[in-house]
Structures are given as C-alpha cells and as structure tokens.
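Shown next, in structure tokens, is the structure this report addresses.
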Number of protein chains: 2
Amino acid sequence: MQLIMTCINLRKPPCSLKVGPDKMVNTLNNEPDFKQVLRDAGLRVTPQRASVITILSETDDHPNVEELYEKVRKLDDTISVATVYRTLSVLENVGLVRKLVLNDAPARYEMMPPTNHDHLVDLESGELVEIPGTDIADVMNRVASELGYEIVSHHTVIRARKR
Amino acid sequence: MQLIMTCINLRKPPCSLKVGPDKMVNTLNNEPDFKQVLRDAGLRVTPQRASVITILSETDDHPNVEELYEKVRKLDDTISVATVYRTLSVLENVGLVRKLVLNDAPARYEMMPPTNHDHLVDLESGELVEIPGTDIADVMNRVASELGYEIVSHHTVIRARKR
DNA sequence: CCTGTTAATGCGAATTATTCGCAAATGTCA
DNA sequence: TGACATTTGCGAATAATTCGCATTAACAGG
C-alpha cells in the first residue's frame with residue numbers, strides 16, 4: 001500500500017493555464033457590452049469597474065484579488081482593495097465575472113467566457129486546467145431542468161491526477 | 001510574505017463504502033470501513049476521528065464546523081474545534097468526506113456518498129438541493145478521461161432558480 | 001502486556017481573506 | 001448645472017480557519 005504524497009502550494013500557484021484550442025477573449029468587444037449590462041442592472045459605470053474589467057479581460061489566468069489589485073493599480077493607482085472586492089462581487093452578480101473557490105486559497109476570478117468551460121486542478125502539479133467544451137454544462141442544464149430549475153451559474157472544480 | 005504549503009494525500013479514494021440501502025447511512029457498517037481507510041493511508045484511528053464520522057454519518061443535512069462541533073461534543077465533550085477542522089481535512093483527503101464551499105458562508109461537510117450526487121442552491125429560498133443520479137459525475141469522468149486525468153474528487157455547486 | 005516512537009490532540013493565540021462604517025467623491029438624470 | 005443616490009477609500013472589524021507547542025495516546029515490535 002504505497003502512499004503518494006505530493007505537496008501543493010495552494011496559496012500562490014504559478015497556475016500555468018492550459019486552454020483548449022478554442023480560446024477567444026476579446027477585450028475591445030467586451031467594453032461597450034459591460035457598460036450596458038451594468039446600466040441594465042441599475043448600476044453605475046465607474047472608472048474602477050472599467051479598470052477591473054479591462055485587466056481581467058486581458059488576463060489569461062485566474063488571478064486572485066491580490067494579484068488583480070496590483071495590476072489594476074497600474075491603470076488607477078488610487079483604487080482600493082475594498083473596491084476591487086466590491087467590484088468583483090457586483091460583476092459576479094450581474095454575470096460578467098465568475099468566482100472560483102479553490103481549496104484553502106483566496107478566491108480566483110475570470111471573465112465569464114462566451115463558451116462555458118469548467119476547471120480541473122491537477123493534484124500533482126497544482127496546475128489549473130480549463131476543460132474545453134460544453135458537455136458538463138449541457139448535462140447540468142438538462143438535470144437542473146428536470147428538477148424544475150434554470151441555472152443561473154455554476155461552480156465546478158474537479159480535482160484529478162494524470163492517468 | 002509567508003508561504004503556506006499544504007500536503008495532500010493523493011491516495012485513491014475507496015471504491016466502495018458499505019452503506020445501507022437508502023440514503024440513511026449506517027454508522028455501524030461504516031465503522032470497520034473507515035478504520036481500514038485511515039490505516040491504509042498510514043493514519044491513526046482516534047476516538048475523535050470516530051466521533052466526527054459517527055455524527056456526520058447520522059446527519060442527513062450538510063453541517064458546518066460549528067454545528068458539527070456542537071453535536072460531536074455530545075459524544076466527546078473534550079474534543080476541540082481545531083481537531084474537528086483537522087479531522088475533516090484528513091477525512092477529505094482520504095476521500096471519506098466532501099467539503100462544500102458555498103458562497104460567503106463557512107464550509108459544509110457531508111460523508112462521501114456511495115452514489116455520487118451534486119448540489120444546487122435555490123437562489124430564491126437559499127435551500128440546498130441534492131441532485132440525484134450520476135449523470136453529472138459520469139460526464140465529468142468521461143471528459144476528464146479524455147484529457148488524460150482520473151478524478152479524485154469534485155466540487156460542484158449549481159446556483160439556479162425555479163422555472 | 002510493556003515500551004518507544006511519533007502522530008494526534010487541546011488550547012489559545014495568530015493569521016488573513018473579506019467585509020463594514022462612514023465621510024467624501026462622483027455618476028446619472030432632469 | 002444641480003440634486004441625490006451610489007460608489008469609493010480608508011482603516012478598523014470580523015470571522016473562519018490554521019498554527020505553535022506542550023501533552024497525550026495509537027500502535028508496532030518486542
């Protein structure tokens with residue numbers, strides 16, 4: 001009975017990001033969009049919210065608030081951490097951003113992608129892998145629908161190891 | 001800044017947990033099993049670990065640590081909160097327990113069920129609904145397998161509203 | 001049944017991600 | 001432009017979880 005022990009730095013993984021072939025994040029297209037989404041929700045378009053969205057749209061990985069804050073400060077050096085938190089919360093509630101809660105680590109964030117995808121943590125390397133395709137989301141939609149529900153969002157993290 | 005390293009025991013979770021026919025989990029059937037699982041992982045069987053498993057097996061909701069701690073104290077009034085945390089962490093790593101992280105609330109725990117299920121939060125009532133069936137898990141297994149991975153555990157919370 | 005080794009516990013303090021309270025600033029709409 | 005509700009910045013507060021360390025106890029091997 002051998003015991004495989006692996007140490008994973010859960011606090012600040014380098015988090016190289018593997019993405020499926022169909023990767024398309026378009027910042028420029030996003031901008032007019034997000035303003036409309038905010039306004040439709042009765043919320044204001046502030047430079048702080050725009051900065052967070054800009055940075056998050058440019059980023060390929062899933063930054064936590066600390067990382068995001070550092071980057072956003074280069075656009076707006078007066079923004080506060082509390083505002084980054086509040087902004088992310090607002091953006092999550094209007095469906096522009098997804099919050100990822102990994103185990104025992106600060107939450108990570110990503111722009112809500114046009115094509116849904118889910119996440120897998122490689123337990124050996126700590127790597128965060130994006131699962132391409134909509135198969136998982138499709139089944140969730142079907143199953144939720146059978147229970148009489150309509151999915152607003154979902155949070156999925158699979159912990160797995162290479163076979 | 002301090003670096004927090006966490007070690008995860010990557011043992012494969014037990015294939016079969018012997019549990020009663022329905023959702024009511026039978027502690028007595030569980031006990032020999034969990035002892036073996038712990039020993040196989042090179043861990044000790046302590047009364048504290050047994051108590052936590054007993055209480056968690058008797059419960060059919062998803063208690064958080066505070067609730068669990070109160071109940072466990074009735075079996076063992078000297079157990080400490082820290083031990084409950086440590087125990088749950090150990091049991092999770094060994095595949096006996098699943099940790100559920102809902103939005104902005106303390107984590108909740110459940111025994112790893114023999115038939116996998118996932119969770120849905122009813123956004124209107126706040127109710128936590130168990131999704132029966134293995135459809136979601138089946139797809140995840142297939143998709144992970146296509147990426148060359150074997151799932152150790154997964155965490156899924158769907159946020160939805162009644163249709 | 002002992003005994004040594006070492007993992008596990010209990011306690012309370014420490015950590016730290018996140019939120020809060022409030023005064024000041026600012027987006028929005030008429 | 002002016003009114004006013006929302007949002008921000010700041011620093012303090014909160015609260016879930018972990019940590020340090022002395023003490024206890026599980027269990028393997030006599």
Side-chain angles (χ1 to χ4, degrees), chain A residues 1 3 5 9-12 34-53 63-70 72-73 75-94 97 99-109, chain B residues 1-9 34-53 63-70 72-73 75-94 97 99-109:
Chain A
M1 70 197 91
L3 200 62
M5 296 291 284
N9 175 354
L10 287 173
R11 181 172 164 73
K12 217 177 214 176
F34 90 81
K35 291 184 181 174
Q36 203 46 55
V37 172
L38 285 175
R39 291 205 177 97
D40 288 353
L43 299 166
R44 292 179 181 173
V45 177
T46 66
Q48 290 88 344
R49 286 171 182 171
S51 297
V52 168
I53 286 180
N64 59 33
V65 169
E66 192 185 343
E67 294 159 351
L68 207 43
Y69 175 59
E70 286 311 321
V72 171
R73 286 179 62 169
L75 286 189
D76 173 357
D77 62 345
T78 65
I79 198 173
S80 71
V81 200
T83 296
V84 175
Y85 274 104
R86 277 182 301 222
T87 298
L88 288 169
S89 172
V90 163
L91 296 178
E92 192 196 7
N93 288 334
V94 297
V97 156
K99 178 182 184 179
L100 276 180
V101 183
L102 306 188
N103 238 2
D104 303 328
R108 301 182 159 274
Y109 297 85
Chain B
M1 164 159 315
Q2 179 188 0
L3 207 59
I4 300 173
M5 299 288 286
T6 302
C7 290
I8 295 188
N9 174 355
F34 91 80
K35 290 182 181 175
Q36 203 46 54
V37 173
L38 285 175
R39 291 207 176 94
D40 287 353
L43 299 166
R44 292 179 183 175
V45 177
T46 66
Q48 290 88 344
R49 286 171 181 173
S51 297
V52 169
I53 286 180
N64 59 31
V65 168
E66 191 183 347
E67 292 158 352
L68 207 44
Y69 174 60
E70 285 311 321
V72 170
R73 286 178 62 165
L75 285 188
D76 172 356
D77 62 345
T78 65
I79 198 173
S80 71
V81 201
T83 296
V84 175
Y85 274 103
R86 278 181 300 224
T87 297
L88 288 168
S89 172
V90 163
L91 295 177
E92 191 196 8
N93 289 335
V94 132
V97 156
K99 178 181 184 180
L100 276 181
V101 183
L102 306 188
N103 235 5
D104 305 328
R108 303 185 156 273
Y109 296 85

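The sequence lines fix the lettering, A, B, ..., with proteins before strands; numbering per chain opens at 1.
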To the nearest 0.5 Å, what is the distance between CG (A:Leu38) and CD1 (A:Ile53)? 6.0 Å
Can you tell me how far CG of B:Leu43 sits from CZ of B:Phe34, rounded to the nearest 0.5 angstrom? 12.0 Å
To the nearest angstrom, how far is A:Arg86 atom CZ from D:dG11 atom C1'? 12 Å
For A:Val84 and for B:Ala82, find the nucleotide of DNA chain D with the closest heavy atom, then tell me which residue's nucleotide is more 5'. A:Val84
Could you state the atom-to-atom distance from CG of B:Leu91 to P of C:dT9 in whole Å? 10 Å
A:Ser89 side chain to A:Arg86 side chain, donor-acceptor N/O pair below 3.5 angstrom: no
What are the two closest non-hydrogen atoms of A:Val84 and A:Tyr69, and how far apart are they? CG2-CD1, 3.9 Å
Rounded to whole Å, the CD1-C1' distance (A:Ile79 to C:dA25) equals 14 Å
From A:Asn64 CG over to A:Glu70 CD, what is the distance, rounded to the nearest 0.5 angstrom? 10.5 Å
OG1 of B:Thr83 to CZ of B:Arg49: how many Å apart, nearest 0.5 Å? 9.5 Å
Within the pair B:Thr83 and C:dT9, is there a side-chain N or O less than 4.0 Å away from OP1 or OP2? no
Are any of B:Gln48's side-chain N or O atoms less than 4.0 Å away from OP1 or OP2 of D:dA25? no
Quick one: closest heavy-atom pair of B:Asp76 and B:Ser51, and the distance? CB-OG, 4.1 Å
Give the rounded distance in Å between these two atoms: CG of B:Asp76 and P of C:dA8. 17 Å
Please state how far atom NZ in A:Lys35 lies from atom P in C:dG27, giving the value in whole angstrom units. 12 Å
Let me know the distance between CG of A:Leu100 and C1' of C:dT18, rounded to the nearest Å. 17 Å
Quick one: is D:dT18 close enough that its OP1 or OP2 comes under 4.0 Å of any side-chain N or O from B:Tyr85? no
Select one nucleotide: of C:dG27, D:dT17, D:dC10, the one nearest the side-chain heavy atoms of B:Ala107. D:dT17
Does C:dG12 have OP1 or OP2 sitting under 4.0 Å from an N or O in the side chain of B:Ser80? no
Do A:Arg49 and C:dG27 share a donor-acceptor pair, side chain to base, under 3.5 Å? no
Between CZ of B:Arg73 and P of C:dG10 the distance, given in whole Å, is 11 Å
Distances for protein N/O vs nucleotides 28-30 of chain C N/O pairs under 3.5 angstrom?
{"unit_1": "C:dT28", "atom_1": "OP1", "unit_2": "A:Val45", "atom_2": "N", "d": "3.0"}

Between B:Tyr69 (OH) and C:dC11 (C1'), how many Å, whole number? 10 Å
